[in-house]
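The structure appears right after this line, and notes come after that.
None of these values were measured; they are calculated from a predicted model. Only heavy atoms go into these numbers, but all of them, side chains included; no hydrogens, no water, no symmetry mates. Ligands are counted one by one from 1 in listed order, and the atoms in each one are counted from 1 as well.
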Amino acid sequence: MTPRILVLYYSRTGATRQLADAIAQGITSAGGEAIMRTVPSEGEPASARDMIVSEDDLRTCDGLIMGSPTRFGHMVSALQKFWETTSAVWVRGGLVDKPAAVFTSSSSMHGGQESTLLSMAIPLLHQGMVLCGIPYTEPAIQNTDAGGTPYGASHVDHAAGSNLNRSEKDAAITLGERVTRIAASLRSANP
Ligand SMILES: Cc1cc2nc3c(=O)[nH]c(=O)nc-3n(C[C@H](O)[C@H](O)[C@H](O)COP(=O)(O)O)c2cc1C
């Protein structure tokens with residue numbers, strides 16, 4: 001069956017959404033279905049292109065890739081707030097053994113991408129998910145002079161909502177492909 005990968009992200013000016021779209025491209029090219037979802041904005045104008053995530057989306061996905069703008073070196077509060085509503089899924093172990101990954105966009109090169117990515121992994125680990133990064137076998141991780149990290153996909157967004165460069169896009173596609181492949185093999189090992 002086609003692996004269903006939930007791409008859960010928040011984006012105010014569109015940069016994180018561009019990463020979400022490149023990740024979705026990777027999911028599709030690896031034979032998966034990308035389920036694009038966002039969270040309610042916290043009183044600020046945000047991209048409303050995709051539906052708000054539901055508990056059912058968590059229950060029915062085979063993997064999850066979460067993206068946030070970097071906000072003072074952390075994920076946006078709207079995403080943190082969402083995870084604080086997921087106790088029922090956690091109690092049932094609804095995400096246990098499913099693969100997960102993270103992505104972020106920041107305006108400056110050393111403005112906290114890695115701290116954001118690593119802190120975004122924490123709720124996913126509490127949910128029992130299997131964390132996936134981007135290995136150095138992906139040439140974009142070796143060669144990038146902007147975003148793209150072993151901890152997850154990223155974009156250095158010098159002008160709000162700027163386009164991904166080639167390495168950032170390639171790394172994001174690879175992450176989507178990798179989570180999809182791992183989701184398919186984990187599911188066939190634990191039907
Ligand atoms: C409240 C706030 C805090 C931010 N903190 C950081 C930061 O710590 N480091 C950084 O490089 N950029 C920071 N930024 C810039 C955003 O991370 C950047 O513009 C990002 O690409 C926006 O993503 P979006 O277009 O998906 O909304 C911050 C922006 C806001 C509004």
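The closest donor-acceptor contact from the side chain of T38 to the backbone of Y9 lies under 3.5 Å. Judged purely by atom type and a 3.5 angstrom limit, S105 has no side-chain atom pairing as donor or acceptor with the backbone of A15. Proximity of a side-chain donor or acceptor of Q18 to a complementary backbone N or O of L164 within less than 3.5 Å is detected.
Heavy atoms from other residues, nucleotides or ligands lying under 6.0 Å from NZ of K98 number more than 12.
In this structure, the protein non-hydrogen atom closest to atom 25 (O) of ligand 1 is T13 OG1, 2.4 Å. At the shortest separation from atom 7 (C) of ligand 1 among protein heavy atoms lies G111 O, 3.4 Å. Annotation: atom 5 (N) of ligand 1 to nearest protein heavy atom, F72 N, 2.9 Å. Scanning all protein heavy atoms for the shortest distance to atom 1 (C) of ligand 1 gives R71 CD, 3.5 Å. Among all non-hydrogen protein atoms, the one lying nearest atom 19 (O) of ligand 1 is D157 OD2, 3.6 Å.
Between L8 and F82 the shortest side-chain heavy-atom distance falls below 4.5 Å. By the 4.5 Å heavy-atom criterion applied to side chains, M75 and L117 are not counted as neighbours.
Within the listing of ligand 1, atoms 8 (O) sit less than 4.0 angstrom from a heavy atom of G73. Annotation for ligand 1: atoms under 4.0 Å from non-hydrogen atoms of S108 are 10 (C), 11 (O). Near R12, with a cut-off below 4.0 Å to any heavy atom, the atoms of ligand 1 are 24 (P), 26 (O), 27 (O), 31 (C).
Atom 12 (N) of ligand 1 has its nearest heavy-atom neighbour, among S107, A159, S68, in S107. In this structure, of G112, S105, S11, the residue bringing a heavy atom nearest to atom 20 (C) of ligand 1 is S105. The residue among T16, L19, T116, T70 with a heavy atom at the shortest distance from atom 16 (C) of ligand 1 is T70.
At under 3.5 Å, not a single nitrogen or oxygen of G161, backbone or side chain, sits near a nitrogen or oxygen of ligand 1.
M120 and L6 fall within a single hydrophobic cluster, where Ile, Leu, Val, Met, Phe, Trp and Tyr are joined by side-chain heavy atoms under 4.5 Å apart, directly or via other members.
Side-chain atoms of T2 and E33 include no donor-acceptor pair closer than 3.5 Å. Side-chain contact annotation: D170 with S167, donor-acceptor N/O pair under 3.5 Å absent.
Contact between G14 and ligand 1 is present, with at least one heavy atom of the residue lying under 4.0 Å from the ligand.
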